[in-house]
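Both backbone and side-chain heavy atoms feed into the values below; hydrogens, waters and symmetry mates do not. Order of appearance sets the numbers: ligands from 1, and atoms from 1 within every ligand.
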Amino acid sequence: KMRKIATEEAWTIPEVAAALRDVSRGPSQSLDKLLVGGIYDPPADASGYSAMNFLDGLLDIEEKRLPEMDALGVDMHLLSLTAPGVQMFDADTATDLAALANDRLAEVCRKRPDRFSGLASFAPQSPKRAAKEMERAINELKLNGFILNSHTHGEYLDDPKYWPCLEAAEALDACIYIHPRAASDTLKGPLQDYGMDSAMWGYGVEVGTHVVRMMAGGVFDAFPKLKICIGHMGEAIPFWIWRINFMNSRAQKIGRAPKTKLSIAEYFQQNFVVTTSGVEDPLALRYTIDKIGIDNVLWSIDYPYQPQKPAVDFMDAAPVTEAERHALYHGNAERIFHIA
Ligand SMILES: COc1cc(C(=O)O)cc(C(=O)O)c1
Ligand SMILES: [Mn+2]
């Protein structure tokens with residue numbers, strides 16, 4: 001039986017759910033409020049996002065998640081605090097809730113180390129305290145990497161003020177999974193209608209923008225060993241990488257982009273891995289493996305936002321060799337996230 005490790009599996013704790021409910025009732029203009037309000041402060045008529053009832057799935061480990069994993073032969077969920085994590089809160093609240101969530105996550109992993117591993121949260125709102133929490137999460141809590149839900153109050157990791165977090169991740173040899181949230185206030189413009197705010201379109205635009213900024217901004221010259229993971233088959237970047245690379249090298253020549261030691265295509269190849277979350281498309285998978293190499297593609301379900309069984313059926317039937325299937329299902333996750 002082939003070991004199956006799913007790598008973008010969401011959960012939450014009651015304290016974070018309550019804090020998000022409070023934010024959704026507050027003055028924030030964040031586009032995340034559509035979703036956060038729907039999940040954590042559902043309207044009486046259960047319309048909108050609340051109709052999906054994601055909250056039960058997020059809070060649950062033993063009731064439904066684990067029995068479903070057993071039934072489907074899913075050995076492990078690599079858990080992460082669901083988007084937008086602690087990133088909508090003020091610095092102190094975010095720092096405290098990140099530490100609490102990490103403690104709870106470590107507890108879940110300690111209780112069933114063969115079934116759960118975890119990505120630690122951190123609060124970029126306070127970068128130096130975040131770096132300390134990142135060290136604690138890996139060295140003391142023995143967690144497996146980090147989760148960040150893209151922008152924090154509209155700012156991105158190419159901004160040097162967040163580089164203490166990148167320095168910590170690189171030094172700890174711990175991968176940062178950059179997960180979506182709704183587009184930042186400066187990016188959200190036309191993304192606010194037709195359900196485009198979340199997984200259909202805006203999420204990909206938000207994360208894609210984030211990682212292109214990092215590569216074009218020289219982050220991987222400053223941190224050459226830093227490893228970043230992005231979901232959703234690489235947020236369309238593997239498809240666009242030829243064009244992004246071509247146009248960035250031109251921008252560097254005409255002085256519109258900083259000179260970098262390597263090309264964007266090389267950074268994407270060396271510093272990134274992608275997962276299959278929420279893109280159960282065999283042709284997109286085959287292309288992505290052929291484009292960026294089998295070592296850089298990992299399986300994920302995206303529970304509870306995606307049901308487990310279709311994600312297993314998709315990977316079981318995927319047009320890949322058995323060696324590739326091993327890499328996708330568990331080999332790459334074991335290497336990138338240090339899973340025994
Ligand atoms: C935090 O809320 C989320 C909503 C959805 C969605 O399908 O609308 C997907 C994800 C996700 O991909 O993790 C997260
Ligand atoms: Mn997800």
Can a non-hydrogen atom of [X] be found less than 4.0 Å from any atom of ligand 1?
X: His232; value: yes
X: Arg181; value: no
X: Ala10; value: no

Is it the case that the side chains of [Y] and [X] hold a donor-acceptor pair, with the cut-off being a distance below 3.5 Å and no angle test?
X: Asp221; Y: Tyr267; result: yes
X: Ser47; Y: Asp45; result: yes
X: Tyr162; Y: Glu167; result: no

For [atom], what's the nearest protein heavy atom and its distance?
atom: atom 7 (O) of ligand 1; answer: Ala199 CB, 3.7 Å
atom: atom 2 (O) of ligand 1; answer: Leu35 CD2, 3.1 Å
atom: atom 12 (O) of ligand 1; answer: Asp302 OD2, 2.8 Å
atom: atom 5 (C) of ligand 1; answer: Tyr305 CD2, 3.6 Å
atom: atom 1 (C) of ligand 1; answer: Ala83 O, 3.1 Å
atom: atom 13 (O) of ligand 1; answer: His179 NE2, 2.8 Å
atom: atom 8 (O) of ligand 1; answer: Ser198 OG, 3.3 Å

| remark: Within the 2.8 Å cut-off the protein N, O or S neighbours of the Mn ion (ligand 2) are Glu8 OE2, His179 NE2, Asp302 OD1
| message | Restricting to non-hydrogen atoms, name the atom on Thr288 and the atom on Ala284 that form the minimum distance, rounded to 0.1 Å. | response | OG1-O, 2.7 Å
| said: Residue-level breakdown please: for Gln306 versus ligand 1, do any non-hydrogen atoms fall below 4.0 Å on the side chain, on the backbone, on both, or on neither? | reply: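 Neither; nothing of Gln306 gets under 4.0 Å from ligand 1.
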| said: Taking salt bridge (Lys or Arg N to Asp or Glu O under 4.0 Å) as the cut-off, I'd like each qualifying pair that reaches into residues 240-263, sequence neighbours left out, listed once. | reply: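 The answer is none; no pair qualifies.
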